[in-house]
Amino acid sequence: MIEDRKLTAIEERKWRAEFKRDGREAVRQQLRFGLAPHLKRDLAIVWLREQERAAERRERGTFWIAVAVLVLTILGILIALGIVRL
């Protein structure tokens with residue numbers, strides 16, 4: 001059966017809260033085994049993409065923080081050894 005109705009704001013908030021409560025892995029499992037109605041399935045796919053993008057942004061941020069800490073640590077060591085003077 002083709003669903004031609006639109007997702008309501010209430011449904012979207014309810015389903016997003018459900019997805020958040022269940023977690024990414026559980027939502028992926030639900031998609032694998034079939035998630036109905038189709039509007040919920042479509043929203044689950046969008047929600048998972050959003051979660052993946054957010055995780056990637058966090059990972060990139062963490063990487064650059066680690067690089068900055070490493071550079072500052074090396075600089076601190078070089079200053080402590082008297083190799084570099086400021």
Side-chain angles (χ1 to χ4, degrees):
M1 179 176 183
I2 298 174
E3 290 185 46
D4 58 357
R5 70 179 189 85
K6 301 284 184 191
L7 181 65
T8 67
I10 293 170
E11 286 173 320
E12 182 174 350
R13 280 193 305 272
K14 179 179 128 191
W15 289 341
R16 282 181 178 274
E18 180 183 321
F19 299 153
K20 184 176 181 180
R21 184 189 66 237
D22 293 347
R24 285 189 297 182
E25 201 52 45
V27 173
R28 276 192 201 96
Q29 289 280 342
Q30 291 170 10
L31 283 172
R32 274 191 214 114
F33 296 111
L35 190 60
H38 289 289
L39 289 173
K40 188 173 186 180
R41 179 187 165 283
D42 293 345
L43 181 61
I45 291 168
V46 169
W47 184 84
L48 281 171
R49 279 192 209 126
E50 292 169 356
Q51 298 306 305
E52 292 300 323
R53 283 189 201 116
E56 288 171 7
R57 282 193 304 275
R58 281 190 303 274
E59 290 169 8
R60 275 195 306 270
T62 302
F63 171 77
W64 288 113
I65 289 170
V67 169
V69 168
L70 178 63
V71 168
L72 291 173
T73 302
I74 292 170
L75 183 60
I77 291 169
L78 294 176
I79 290 171
L81 294 174
I83 297 171
V84 173
R85 295 178 195 244
L86 294 179

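Each residue takes its place number in the sequence, starting with 1.
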| query | How far apart are the C-alpha atoms of Lys20 and Gln51, what are their side-chain angles, what is the distance that settles it, and do they pass the side-chain contact (heavy atoms from CB on, under 4.5 Å) test? | reply | CA-CA 10 Å; Lys20 184 176 181 180; Gln51 298 306 305; over 6 Å; no
| Phe19 vs Leu48 side-chain heavy atoms within contact, under 4.5 Å | no
| task | Starting at OG1 of Thr73, measure out to CG of Leu78 and round the result to the nearest 0.5 Å. | result | 11.0 Å
| query | Any salt bridge between Arg28 and Glu25, counting N to O under 4.0 Å? | reply | yes
| note | Closest heavy-atom pair, Leu31 versus Leu35, reported as atoms and distance to 0.1 Å, is CD2-CD2, 4.1 Å
| NZ/NE/NH1/NH2 to OD/OE distance under 4.0 Å, Lys40 and Glu11 | no
| So which heavy atom on Pro37 is nearest to which on Trp15, and how close? | CG-CH2, 3.9 Å
| said: Within the 3.5 Å criterion, strictly below it, is a donor on Asp22 or Gln30 matched to an acceptor on the partner's side chain? | reply: yes
| query | If Ile, Leu, Val, Met, Phe, Trp and Tyr residues are connected whenever their side-chain heavy atoms lie under 4.5 Å apart, and connections chain through other members, are Leu81 and Leu70 in the same group? | reply | yes
| note | CD1 of Ile74 to CD1 of Ile79, rounded to nearest 0.5 Å, is 12.0 Å
| message | Using 0.5 Å steps for rounding, measure from the CZ atom of Arg53 to the CZ atom of Arg57. | response | 8.0 Å
| Out of curiosity, does Leu72 fall in the hydrophobic cluster containing Leu86 (side-chain heavy atoms, cut-off under 4.5 Å, transitive links)? | no
| Greater than 12 external heavy atoms within 6.0 Å of Ile10's CD1 | no
| query | Heavy-atom distance under 4.5 Å between the side chains of Ile45 and Arg49, does that happen here? | reply | yes
| query | Rounded to the nearest 0.5 Å, how far does CG of Leu7 lie from NE2 of His38? | reply | 14.0 Å
| Do Val67 and Val69 share a hydrophobic cluster (ILVMFWY, side-chain heavy atoms under 4.5 Å, transitive)? | no
| Does Glu50 pair with Arg16 as a salt bridge, N-O distance under 4.0 Å? | yes
